[in-house]
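Shown next, in structure tokens, is the structure this report addresses.
Residue numbers begin at 1 in each chain, while the letters A, B, ... track the order of the sequences.
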2 protein chains.
Amino acid sequence: MTQEGNRPSNCYLLVEGWLIRCKVLRDSRRQILSLHVPGEVPDLHALYLHATDCALATLTHARVACIPHEAFRTLIAARPTIAAALWRETLIDAQIYQQRVIGLGRRGALGRIAHLFCETYVRLSATGLAKDHRCEFPLTQADVGDAVGLSTVHVNRSLQTLRAEQLISWQGRSLEILNWKRLVAVADFDPAYLHLDKSAAS
Amino acid sequence: MTQEGNRPSNCYLLVEGWLIRCKVLRDSRRQILSLHVPGEVPDLHALYLHATDCALATLTHARVACIPHEAFRTLIAARPTIAAALWRETLIDAQIYQQRVIGLGRRGALGRIAHLFCETYVRLSATGLAKDHRCEFPLTQADVGDAVGLSTVHVNRSLQTLRAEQLISWQGRSLEILNWKRLVAVADFDPAYLHLDKSAAS
DNA sequence: CGCTCTCTTGATAGACTTCAATGTTAGTGG
DNA sequence: CCACTAACATTGAAGTCTATCAAGAGAGCG
């Protein structure tokens with residue numbers, strides 16, 4: 001979709017489908033920086049920052065609404081409340097990265113994967129795209145590995161553990177969290193950093 | 001300095017000294033989320049986000065200027081240019097976190113530590129606090145470990161490698177980068193994400 | 001049917017952690 | 001000036017976690 005290094009003059013509101021932002025290293029390994037679900041504006045930061053060396057890619061078929069930077073700028077100038085809300089969104093993105101730093105620095109494989117499931121489920125349910133501890137999850141095991149910094153093989157084995165412990169069921173692109181409470185414990189997940197009005201915990 | 005969980009009504013401009021933001025996990029391990037050097041406003045995000053569960057702490061003696069949130073808000077409302085600049089700062093913070101995600105996910109011990117040195121040096125030199133590949137670096141090896149997600153022992157051994165390769169010299173609180181080019185290569189460091197006007201590479 | 005992509009499994013190697021001890025340095029009080 | 005202490009740095013040995021390599025199994029698709 002977007003390549004590294006160009007300098008767009010539009011932002012994209014993701015209407016349907018999933019996007020990832022990723023960085024490809026010199027040795028061709030890949031790190032997925034963020035997962036984007038419908039309702040988000042993945043490149044809002046481009047309003048104020050020139051392109052960095054990471055790329056947006058689609059995981060599924062996706063529909064985006066294209067919004068010129070100029071439109072955002074006039075909106076921000078005219079409506080301080082909206083400006084504050086947008087700023088706030090980018091601050092929450094930063095907090096999500098912060099959690100990833102904690103996870104990659106201090107969590108083991110099980111915790112990282114469990115945390116990804118927890119966060120994704122809560123973010124989806126905030127916009128009504130998930131409920132009853134079920135949601136879409138259109139990643140491959142290799143994608144999960146690139147997101148949480150593990151090899152595909154080890155992701156596979158960790159998933160087997162999570163399944164054996166009856167914490168999740170994941171087949172194809174549909175995920176079901178069988179034991180939310182214990183998955184949260186494994187992940188050491190606290191949704192506060194997402195700054196949602198009401199948490200989806202149960 | 002600041003504890004977890006309270007809800008301040010001021011921001012602090014760091015005038016002198018070093019701060020860290022860190023999160024203490026349940027098992028009492030610690031992850032340092034960010035390092036703050038003079039000229040920064042470490043908790044600017046608190047303008048729009050309630051407190052999260054991380055703490056600010058001093059690494060050295062530090063002087064801060066206390067700025068009420070209200071002052072920032074009126075400034076933001078009155079001066080769109082300043083508002084944009086502040087927003088931009090928080091976006092750069094997010095990019096720094098993003099780099100940490102890449103580092104923790106895909107770099108080994110040497111690369112992580114080297115990257116920390118590179119980033120810190122460039123950020124310091126941007127405000128004139130470092131030059132000639134020398135700068136202050138008032139962390140302990142244990143701090144470095146908590147920052148880059150390694151054990152103290154392994155940090156020590158990795159440092160010995162960096163020293164043996166004549167890449168750095170670090171004693172007490174003063175750091176000298178002996179071979180910038182090779183350190184950058186080890187770190188896979190590209191300062192673009194810091195969005196500084198001119199890079200300090202040489 | 002053959003192809004490709006994804007998932008799965010086993011064996012082996014490497015990176016990093018943990019535990020425990022020792023060395024070093026700077027500061028403190030006598 | 002010296003003993004004493006505390007904090008930090010360093011070392012060795014053993015163990016755990018995760019990566020890598022290699023191969024096979026299943027599913028979807030032209």
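- Distances shorter than 4.0 Å separate none of the side-chain N or O atoms of Asn156(A) from OP1 or OP2 on dC7(C).
- Checking dA20(C), dT6(C), dC16(C) against every side-chain atom of Leu150(B), the shortest atom distance belongs to dC16(C).
- Candidate nucleotides dG12(D), dC7(C), dA22(D) were compared by shortest atom distance to the side chain of Val153(A), and dA22(D) ranks first.
- In this structure, CZ of Arg157(A) is placed 8 Å from P of dG10(C), rounded to the nearest angstrom.
- Leu159(A) comes within 4.0 angstrom of nothing in the nucleic acid, heavy atoms only.
- For dC7(C), the OP1/OP2 oxygens have no side-chain nitrogen or oxygen of Gln171(A) closer than 4.0 Å.
- At the heavy-atom level, Ser151(A) lies under 4.0 Å from base atoms of the strands shown.
- Two residues are said to be in side-chain contact when any heavy atoms from C-beta on lie closer than 4.5 Å; Ile76(A) and Trp87(A) fail this criterion.
- In this structure, CZ of Arg112(A) is placed 10 Å from C1' of dC17(D), rounded to the nearest angstrom.
- Straight-line distance from the CD1 atom of Ile113(B) to the P atom of dC16(C): 9 Å, rounded to whole Å.
- Here the P atom of nucleotide dC16(C) and the CZ atom of Arg29(B) are 15 Å apart, to the nearest Å.
- Gly145(A) comes within 4.0 angstrom of nothing in the nucleic acid, heavy atoms only.
- A heavy-atom distance below 4.5 Å is found between the side chains of Leu104(A) and Val101(B).
- Across all strands shown, Gly149(B) has heavy atoms under 4.0 Å from sugar-phosphate atoms exclusively, and none from any base.
- Per the geometry, CZ belonging to Phe137(B) stands 15 Å off C1' belonging to dC8(D), to the nearest Å.
- When the local axes at the two ends of the helix from dC1(C)-dG30(D) to dG30(C)-dC1(D) are compared, using 5 base pairs at each end, they differ in direction by 30° after rounding to 10°.
- Contact check for Tyr121(B) versus Leu124(B): no side-chain heavy atoms found under the 4.5 Å cut-off.
- A donor-acceptor contact shorter than 3.5 Å is absent between the side chain of Arg112(B) and the backbone of Ala147(B).
- At a threshold of 4.5 Å between non-hydrogen side-chain atoms, the residues Leu19(B) and Tyr12(B) do not count as touching.
- Contact check on Arg106(A) versus Asp146(B) returns a salt bridge, with a Lys/Arg side-chain nitrogen under 4.0 Å from an Asp/Glu carboxylate oxygen.
- At whole-Å resolution of the value, NE2 in His154(A) and P in dA15(C) are 16 Å apart.
- Looking at heavy-atom distances under 4.0 Å, Arg163(A) makes contact with sugar-phosphate atoms alone, never a base.
- What separates CZ of Arg107(A) from P of dT18(D) is a distance of 13 Å, to the nearest Å.
- Listed pair Gln160(A) / dT9(C) meets the phosphate criterion, a side-chain N or O lying under 4.0 Å from OP1 or OP2.
- Two rings, from Phe137(A) and Phe117(A), have their centers less than 6.0 Å apart.
- The closest side-chain heavy-atom distance from Cys54(B) to Gln98(A) is below 4.5 Å.
- For Leu104(A) and dT18(D), the CG to P distance is 12 Å, given to the nearest whole Å.
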